[in-house]
Amino acid sequence: MITFEVQDMSCGHCVSTITQAVKTLDAQARVQIDLASHRVQIEPATADAAALRAAIAEAGFTPVAV
């Protein structure tokens, strides 16, 4: 399980944007997002942490590994 803190995630649209960015990179990944705590947990099938962080950053967010 890879966990990021994304402080600039503030709404449901942010959640769906991050989920889509992860799924575009790794379609089989399991994504759990807790908006209240700004946590994104990903169980990847093929992608590594660096690639996932880059995908979230390219979607316009600032992921920090936890």
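- Note: His38 NE2 to Met9 CE = 6.5 Å, rounded to the nearest 0.5 Å.
- Other residues, nucleotides and ligands contribute more than 12 heavy atoms inside 6.0 Å of the CD atom of Glu5.
- By the 4.5 Å heavy-atom criterion applied to side chains, Ile18 and Phe61 are counted as neighbours.
- A 6.0 Å sphere centred on CD of Gln7 holds more than 12 heavy atoms belonging to other residues, nucleotides or ligands.
- Side-chain contact check for Arg39 versus Phe4: every heavy-atom pair is 4.5 Å or farther apart.
- Across all their heavy atoms, Gly12 and Leu35 have their closest contact at N-CD2, 4.2 Å.
- In this structure, Leu52 and Pro44 approach most closely via the heavy-atom pair CD1-CB, 4.1 Å.
- Of the listed residues (Leu25, Ile56, Ile33), just one forms a side chain to side chain contact (heavy atoms under 4.5 Å, CB included) with Ile42, and that residue is Ile56.
- Rounding to the nearest 0.5 Å places CD of Gln32 at 5.0 Å from CE of Met1.
- Between Pro63 and Val40 there is no side-chain heavy-atom pair separated by less than 4.5 Å.
- Arg30 CZ to Lys23 NZ: the interatomic distance, rounded to the nearest 0.5 Å, is 9.0 Å.
- Taking each heavy atom of Ala65 and Arg53 in turn, the nearest pair found is CB-NH1, 4.3 Å.
- Ile2 is not listed as a side-chain neighbour of Gln41, based on a closest heavy-atom distance of 4.5 Å or more.
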